K.L.:
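Sharing a structure below in structure tokens format, with a few things to ask.
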Amino acid sequence: MVITESKNFDEILSQLTKGSNIIILGCSECATACETGGSKQVKDLAEKLTENGMNIINQKVLNISCNLLKTKRDLKDLENIDNCDTIISLSCGNGVQTLLNLTDIKVIPGTNTLFVGEEVGSNYFIENCRACGECRIGRTAGICPITRCSKGLLNGACGGSKNGRCEVNQRIKCAWIEIYERLKNLGELDRLYEIQPIRSYSNISKRRVLNKGKQDNA
Amino acid sequence: MPDSKLKKTLDNHNFAITAEIAPPKGTDFKRQIKVAKRLMDRIDAFNVTDFQSASVKASSLGLCIELIRNKIQPVLQITGRDRNRIAVQGELLTASHFGIENILCLTGDHPSHGDNPEAKPVFELESVSLLNTARSLENGVDLGNNQLDKPYPEFYLGAVTSPVYTPLEVQLIQMVKKIKAGAQFFQTQAVFDIDTVRSFIDRTSQMNTNILIGVVPLKSAGMARFMNREIPGIKVPENLIKILENSNNPVEDGIKIASDFIIQLKDENLCQGVHIMAIGAEENIEKILNEAKLN
């Protein structure tokens, strides 16, 4: 899922104009799981903004906010939308922009989008995938070197590991030592001797669009 | 054909000596040139570090060009940390134009360790890919598969390795890959223990490559402890730390330890040469050479 954190309240406040009519929209999916855009966070933000003299005219958790057609219907039926001049979106950056694509009303984000991640405990999320578009973990015993090696190296370990830990962050294990250990256990150590070609950045350095399985340059 | 002095020394099975020299954090190269000039007849090549420890300094290429102007042979150290493939290839072509042949390909320290820790890390190419890239340019083709104008560059390519590393097999696999990618010599992280070298050489003998063991003259017990704590791949044995601790002149004793180590490496014929890293005290390199009776 897409991992988000709540923005600092003062930052949200600084983007609002007193007297404007505000709608706060959460998201039932990832932002709810991250406790950044669920019903409680929407309600809390509404209360805090009201205390600060803002005019909240509606608040709602959208049933998934990054689906254009669904959100279009939700906005159409949204009470008080015609009187609204600012929407605060408590979803990931995609959800914020789904709203932007559907309305001329000013939309501001109430969260920071952090990464694509996995929930490993309550309020504990980790990144295991960078969405590089060319998954190669089949060759690295299921451990993603792009995400888990601090340098994103594709051709094995650097010399920087100390006591099996990453030179950048002593709290994490060196991804390439982990890959080595797992491949060794799997009896596939030969894979480490293969020279991996240099990764192509031509696709990921531009906005990516997937349309019926085809990528183009929209 | 390249006329790298380092290559000739190693090809002729003579004991090779390289020494590290860092560009200044500023614009004045006088100190570096002075040290290098004094030692040029005794050293096969001077490694010029590439923004060592991910810190802003004058560039490796710049000091290498200045050394070449003074008829001193450098080893251009190049990392993938700060340059994408376009910049790397351009830098290698420029190096070749100026007559720089020895190239040491390293992945590079992460910027978070440096003096501009918020810098964007590039790492598009790591050590293995850098070697492959240099090879490709030698064959007249860039990484985009475009033909180069003649003459094509000719390099003498090297890489690094770390004998004090657990599990060592990870580094050994990297060495095999680096050789496959074009590395003709290796310079190692500093080693202080002869048994470590013996077992490392034993495990790499099948690779038939040139290994220059890294030597760092210790300046104090504090420096040794700091390196043990902070620097990956460094293990200064306790007995050496004790000697420095009880010494009235730890700098001189550090030089003695380093030169005795080199003598032992040479006597036992363990490696093809040494790589001296004096870390800011390049003036001491001469004393080490004298004490080790090199040249």
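Remember, it's a predicted structure, so these values are computed and weren't measured experimentally. Sequence lines set the chain letters: A, B, ... in the order given, protein chains first and strands last, and positions in each chain run from 1.
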K.L.:
Picking from P121(B), S162(B), P167(B), which has the most non-hydrogen pairs under 4.5 angstrom with chain A?
P.N.:
P167(B)

K.L.:
Between Y201(A) and E124(B), do the side chains contain a donor N or O and an acceptor N or O under 3.5 Å apart?
P.N.:
no

K.L.:
Between E194(A) and chain B, with a heavy-atom cut-off of 4.5 Å, which part of the residue counts as in contact: side chain, backbone, both or neither?
P.N.:
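Just its backbone gets close to chain B.
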
K.L.:
Sub-4.5 Å heavy-atom contacts with chain A: which residues of residues 171-195 of chain B show up?
P.N.:
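Interface residues of residues 171-195 of chain B: Q171(B), I173(B), Q174(B), V176(B), K177(B), K180(B), A181(B).
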
K.L.:
Count the heavy atoms belonging to other residues, nucleotides or ligands that lie under 6.0 Å from NZ of K235(B), then report whether that count exceeds 12.
P.N.:
no

K.L.:
Who wins among G160(A), G164(A), P197(A) for the most heavy-atom pairs under 4.5 Å with chain B?
P.N.:
G160(A)

K.L.:
Y193(A) versus chain B, heavy atoms under 4.5 Å apart: side chain, backbone, both or neither?
P.N.:
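It is both, since atoms from each part get that close.
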
K.L.:
How many angstroms lie between atom OG of S129(B) and atom CG of L154(A), to the nearest 0.5 angstrom?
P.N.:
7.5 Å

K.L.:
Which bit of L106(B) comes within less than 4.5 Å of chain A, counting heavy atoms only: side chain, backbone, both or neither?
P.N.:
neither

K.L.:
Above 12 or not: heavy atoms from other molecules or residues under 6.0 Å from CD1 of I126(A)?
P.N.:
yes

K.L.:
Identify which part of N84(B) has an atom lying under 4.5 Å from any heavy atom of chain A, answering side chain, backbone, both or neither.
P.N.:
neither

K.L.:
Output the distance between atom CD (E169(B)) and atom CD1 (I177(A)), rounded to the nearest 0.5 Å.
P.N.:
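Rounded to the nearest 0.5 Å, the CD-CD1 separation comes out at 12.0 Å.
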
K.L.:
Measure across Y165(B) and S161(A) and return the closest heavy-atom pair with its distance rounded to 0.1 Å.
P.N.:
OH-CB, 3.6 Å

K.L.:
Mind listing the closest non-hydrogen atom pair of G159(A) and P232(B) along with its distance?
P.N.:
O-CB, 3.7 Å

K.L.:
Find the distance between CZ (F123(B)) and OG (S150(A)) and round it off to the nearest 0.5 Å.
P.N.:
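The distance works out to 9.0 Å.
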
K.L.:
State, with a plain yes or no, whether a side-chain heavy atom of N163(A) is found less than 4.5 Å away from one of T166(B).
P.N.:
no

K.L.:
May I ask you to check whether over 12 heavy atoms, not counting those of K72(A), lie within 6.0 Å of atom NZ?
P.N.:
no

K.L.:
I'd like to know if the side chain of H113(B) reaches the main chain of E167(A), judged simply by a donor and an acceptor atom lying under 3.5 Å from each other, with no hydrogens or angles considered.
P.N.:
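Judged by distance alone, yes, a pair lies under 3.5 Å.
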
K.L.:
What I want to find out is whether K162(A) reaches E230(B) closely enough, with some N-O distance under 4.0 Å, to be called a salt bridge.
P.N.:
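Looking at E230(B) together with K162(A), the answer is no, because their closest N to O distance does not fall below 4.0 Å.
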
K.L.:
For the residue pair N155(A) and S127(B), establish whether any side-chain heavy-atom pair is separated by less than 4.5 Å.
P.N.:
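When only atoms from C-beta onward are counted, S127(B) and N155(A) do not touch, as no gap falls below 4.5 Å.
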
K.L.:
Heavy-atom cut-off 4.5 Å, strictly under: side chain, backbone, both or neither for T133(B) against chain A?
P.N.:
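Interface part for T133(B): side chain.
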
K.L.:
Around atom CD of Q147(B), are there more than 12 heavy atoms of other residues, nucleotides or ligands at under 6.0 Å?
P.N.:
yes

K.L.:
Side chains of H110(B) and K151(A): closer than 4.5 Å at any heavy-atom pair?
P.N.:
yes

K.L.:
Distance from T107(B) atom OG1 to L153(A) atom CG, nearest 0.5 Å?
P.N.:
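Going from the OG1 atom of T107(B) to the CG atom of L153(A) covers 5.5 Å.
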
K.L.:
Where does R81(B) contact chain A at under 4.5 Å (heavy atoms): side chain, backbone, both or neither?
P.N.:
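Interface part for R81(B): neither.
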
